[in-house]
Colleague: 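Before I ask anything, let me first share the structure, which is written out below as structure tokens.
Worth saying up front: this structure is predicted, and the values here are computed from it rather than measured. Numbers restart at 1 for each chain; the letters A, B, ... are given by sequence-line order, proteins then strands.
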Amino acid sequence: LIDVIIPPDMWDVDSEGAISAWLYAAGDVVLAGAVIAEVMNEKVTAELVAPASGVLEILVVAEQLVRMGQVVARLS
Amino acid sequence: LNPSACREGSVDSLENALLGRLVSALCATATSAVPELEFGDLQGAVDRDFDLLESALRIREPAEIVRIWTNRRCIVTPRRQLALPAFSEAAQAMAVAGWPVVLRRSGGTAIVHRPGVLNISLIRIEAEDAQGIQAHYRTFLWLLTRACAEIDIDCDTGRAPGAYCDGEYNLLVHGRKVGGTAMFRRRAGASVATLVHASIVVHGRPARDLAAISRFEQMLGIRGCYDASRLSSLAEHVAH
């Protein structure tokens, strides 16, 4: 299993963001480097990229709050 | 100012002259700026920011693009709202009411585009993430406040509680919001592409804009707590 983590430098200050949208469904096969979700902090949207290829397991649903460094999905 | 920018809406010549002066001031401040004042496809005009970002990112060279543009009347909302159960019905109702809804990929909440609202987009491609998000915002707002100063309007930046799509990086005149900003970022290897864009209300009726946004958001089930007195236009602050 490979963790999908909100990068620790995705935004400047230590505040919460939210997954705006998952661009793949749980169980989908994703390729390394694919944009799998959009994350919003304040009024900034940033893209979350798959660190490896695999089957996506979503741990944090859209609109739920997240912090930098948090594991939000897994790839198996 | 391209005369086609005045094709829609009923605006007087002084107000259009103000818009033209702001465009000139922006072009003088950002020498690479490209004015695109033709009204085209609503969604296409919004998507062009992201198309420019993707094209510039493919070259993998540091780059900076400033686009100055206008759009016909519509509501522009983040595409995350597509997931809301009432989105399709709300968008249809707003289109019937003369406010078609288009989607953007940057953050924030619903705003309006229309003649009288000037959009400015700054796209930057960097070899590495040398600047943080706040630095990009500050650079962009410096450009906007300097251009406004050139046309004798002193602007501040900051929050405007009660304004729609409020955030830390608004453009304010006497504490009232005249422009909002939002950002989109993409990484490709070590390169980082940043789009930061603003919509500045040059003239027109901000209270009418707010009424349209409030109606749309109510249909989506979003309860915004807005105050029209926190909104303004640049034209309100110019002595004719």
Side-chain angles (χ1 to χ4, degrees), chain A residues 2-28 30-53 56-73 75, chain B residues 49-50 53-54 57 76-85 87 103-111 128-138 140-141 159 163-170 179-199 221-222:
Chain A
I2 294 172
D3 291 339
V4 179
I5 297 170
I6 303 291
D9 58 350
M10 190 165 240
W11 50 82
D12 288 358
V13 291
D14 185 20
S15 56
E16 289 178 321
I19 304 277
S20 304
W22 285 102
L23 306 181
Y24 289 84
D28 283 353
V30 300
L31 298 176
V35 177
I36 56 174
E38 290 181 342
V39 182
M40 196 163 94
N41 169 256
E42 264 283 316
K43 292 165 74 176
V44 183
T45 298
E47 295 176 325
L48 189 62
V49 172
S53 301
L56 181 66
E57 178 190 359
I58 292 173
L59 303 179
V60 177
V61 297
E63 299 298 332
Q64 195 170 318
L65 296 178
V66 294
R67 284 196 167 274
M68 289 186 285
Q70 183 175 340
V71 178
V72 294
L75 294 163
Chain B
D49 275 355
F50 303 96
L53 180 144
E54 287 178 347
L57 191 54
V76 185
T77 201
R79 70 176 185 178
R80 67 190 295 202
Q81 293 188 337
L82 265 175
L84 296 174
F87 182 86
L103 300 169
R104 69 174 194 269
R105 297 177 69 174
S106 56
T109 57
I111 61 159
E128 57 182 9
D129 193 7
Q131 292 193 68
I133 288 167
Q134 294 179 60
H136 280 290
Y137 268 126
R138 280 195 291 267
F140 186 55
L141 284 166
R159 293 186 182 275
Y164 61 81
C165 199
D166 189 28
E168 191 176 345
Y169 299 103
N170 291 321
T181 58
M183 190 181 285
F184 173 83
R185 300 193 98 198
R186 169 171 291 173
R187 289 170 192 255
S191 298
V192 179
T194 302
L195 160 68
V196 54
H197 50 193
S199 293
I222 297 169

Colleague: So which part of A:A46 gets closer than 4.5 Å to some heavy atom of chain B, the side chain, the backbone, both or neither?
Modeller: both
Colleague: Please flag which part of B:A83 lies under 4.5 Å from any non-hydrogen atom of chain A: side chain, backbone, both or neither.
Modeller: neither
Colleague: How long is the gap from CE on A:M40 to CZ on B:R80, to the nearest 0.5 Å?
Modeller: 3.5 Å
Colleague: For side-chain contact (heavy atoms from CB on, under 4.5 Å), just list the numbers for B:R186 and B:E54, CA-CA rounded to whole Å, side-chain angles, deciding distance to a tenth of an Å, and then say yes or no.
Modeller: CA-CA 9 Å; B:R186 169 171 291 173; B:E54 287 178 347; 3.0 Å; yes
Colleague: Picking from A:D9, A:V49, A:V13, which has the most non-hydrogen pairs under 4.5 angstrom with chain B?
Modeller: A:D9
Colleague: Just to verify, which of B:R185, B:R187, B:R105 counts as forming a salt bridge (Lys or Arg N to Asp or Glu O under 4.0 Å) with A:E47?
Modeller: B:R105
Colleague: Quick one: does any side-chain atom of A:N41 pair with a main-chain N or O of A:W11 as donor and acceptor, under 3.5 Å?
Modeller: no
Colleague: Side chain from CB out, backbone as N, CA, C, O: work out which of these in A:L48 comes under 4.5 Å of a heavy atom of chain B, or both, or neither.
Modeller: neither
Colleague: Report which part of B:Y137 has an atom under 4.5 Å of a heavy atom belonging to chain A: side chain, backbone, both, or neither.
Modeller: side chain
Colleague: Under a 3.5 Å distance rule, please check whether A:K43 uses its side chain to pair with a backbone N or O of B:T181 as donor and acceptor.
Modeller: yes
